[in-house]
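The block underneath contains the structure these notes are about, expressed in structure tokens.
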2 protein chains.
Amino acid sequence: MTTPAQGLHTHVLDTLGLEIAAGDSPPGQVLRTDELAQRFDVSRTVVREVVRVLESMHLVESRRRVGVTVRPTEEWNVYDPQVIRWRLAGSDRPRQLRSLTVLRSAVEPVAAGLAARNATAEQCAALTECALGMVATSRGHQLEGYLRHDTAFHRIVLNASGNEMFARLGDVVAEVLAGRTHHQVMFEDPDPAAVTLHVRLAEAVREGDAEEAERLTKEIAVGALHELDVLAP
Amino acid sequence: MTTPAQGLHTHVLDTLGLEIAAGDSPPGQVLRTDELAQRFDVSRTVVREVVRVLESMHLVESRRRVGVTVRPTEEWNVYDPQVIRWRLAGSDRPRQLRSLTVLRSAVEPVAAGLAARNATAEQCAALTECALGMVATSRGHQLEGYLRHDTAFHRIVLNASGNEMFARLGDVVAEVLAGRTHHQVMFEDPDPAAVTLHVRLAEAVREGDAEEAERLTKEIAVGALHELDVLAP
DNA sequence: AACCCATTACATACGACTTATTCAAGTGGC
DNA sequence: GCCACTTGAATAAGTCGTATGTAATGGGTT
């Protein structure tokens, strides 16, 4: 249970973050720093640093004479990749995956349209390569390999959009894809239709066809949402 | 210059965050905790807590025997409202505003469509009230009042979408609107066309017309982008 | 009901010790 | 003489324990 951990801080932070994100320690719950110090067998210094980080993520609020109180979900910094990872590991993964996928369905089509206009030759080449990789790993239970190519594919599109905010969603998308692969929210082999769409999207971007790129990405997103409806309760 | 600050931690964090976001302390720059402690005249304990928070925002990386190194821009958690505020206060505000507005143009139309389907009666009423408030403050240099209604309006739409990720972008949108109002990236009176669009959007949401809501929001976004092109270098 | 004070738990500080990392000197082999 | 590998000293962050400051709370007093 106790991760070897590349640092006490990391271990305590991860454990607490997971607990809070999972819903143990419900909102309003108060944690005491010295209790935490005892529980993890670390100094209060370490605990305080952890609390400060959790506070910066708006997961908790620390007030004098009252303790460290867990904040309500609506106030969390849900775009923090770390928070996303914690939540995806917890019990409301289905709803979380749905929220994130809806976000993707809004952002990625626009990003793909921009990518079709702005992508460099290198990016187009990398995109095609990823698409081919997806085809190659789309059969025979090679989910890990498929995930790697899929993640890279979407990351390239987001980067190629030229918009920094889109580019930084690469991590979020990566977490979503990894989450659904590693938590059985996926068939044994990926949907063939999705693979085809990715190949065509790579083409559309290469040819600079923004409208087609946007349309195809929307289709990918709709597919992903539908898959969630089928596989997640 | 030295803010009284409701805490040493807050003061140091804000100062360092601003410096890094502004581009002084360029990527690769190394900071030493001892030096920082001296410079701010605080203990190393405080500095370490600040560093841990900056680290959680991926602004810096702390390694033994090396120091605290500033990470390249592409790795920052640019969705952290705090980071956004720091960056908007800095020198590349124009580009930042543009990135964020493009993000809005992707997200808000979809959110508005969902809001048209999901908004409660209360939300519809609040929306209409905000729209009326915007009309009332759209003339005679009442930018502050207009900003307040505008911010509330978009926040309601994002909340009414029912999607948590959208809802949490309310803060981001608020920062953008505040940023452009407070930094002269706006005419003396808001664009009348924009005001009308907001009124019609409130109507569309109330009537549950998702497509119209989406279309109108897109128009609002296009207008905002165009305004940026005119007013920001 | 309004005020005051003791308690409590975080906030800040300091100093000693530990550990990982780096850089360079030293060693040996070829 | 040159390269590769080992060793060790220096360095700066990591961890800890403790002491003191400080604000918020809750109860008791008037």
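All figures in this text were calculated on a predicted structure; none of them were measured in a lab.
- The footprint of chain A on DNA chain C, defined by a heavy-atom cutoff below 4.0 Å, extends from C:dT8 to C:dT12.
- Residues passing the ring pair (Phe, Tyr, Trp, His ring centres under 6.0 Å) test with A:H154, sequence neighbours excluded: A:H198.
- Evaluation of the ring pair (Phe, Tyr, Trp, His ring centres under 6.0 Å) rule for A:F166 yields no partner, not counting sequence neighbours.
- Using a 4.0 Å cut-off on heavy atoms, the residues of residues 37-56 of chain A that approach DNA chain D are A:V42, A:S43, A:R44, A:T45, A:V46, listed by number.
- In this structure, CG of B:L8 is placed 15 Å from P of D:dG21, rounded to the nearest angstrom.
- Here the CG-CD distance, from B:L31 to B:Q29, works out to 5.5 Å after rounding to the nearest 0.5 Å.
- Side chains of A:L59 and A:R71 form no contact here, defined as non-hydrogen atoms less than 4.5 Å apart.
- A distance-only check finds a donor-acceptor pair linking the side chain of B:E55 to the backbone of B:S62 [under 3.5 Å].
- For the atom pair CE (A:M57) and CG (A:L13), the distance works out to 5.5 Å, reported to the nearest 0.5 Å.
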Per-nucleotide protein contact string for nucleotides 5-12 of chain D (B base, S sugar-phosphate only, - none; heavy atom under 4.0 Å): ------BS
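- For B:Y79, the ring pair (Phe, Tyr, Trp, His ring centres under 6.0 Å) criterion is met by A:Y79, not counting sequence neighbours.
- Note on B:E19 versus B:R39: salt bridge recorded, some NZ/NE/NH1/NH2 to OD/OE distance being below 4.0 Å.
- Rounding to the nearest 0.5 Å gives a distance of 5.5 Å between CG of B:L147 and CD of B:E144.
- Of the possible donor and acceptor atoms, one in the side chain of B:N118 sits under 3.5 Å from a partner among the backbone N and O of B:S161.
- At whole-Å resolution of the value, NE2 in A:H11 and P in D:dT15 are 13 Å apart.
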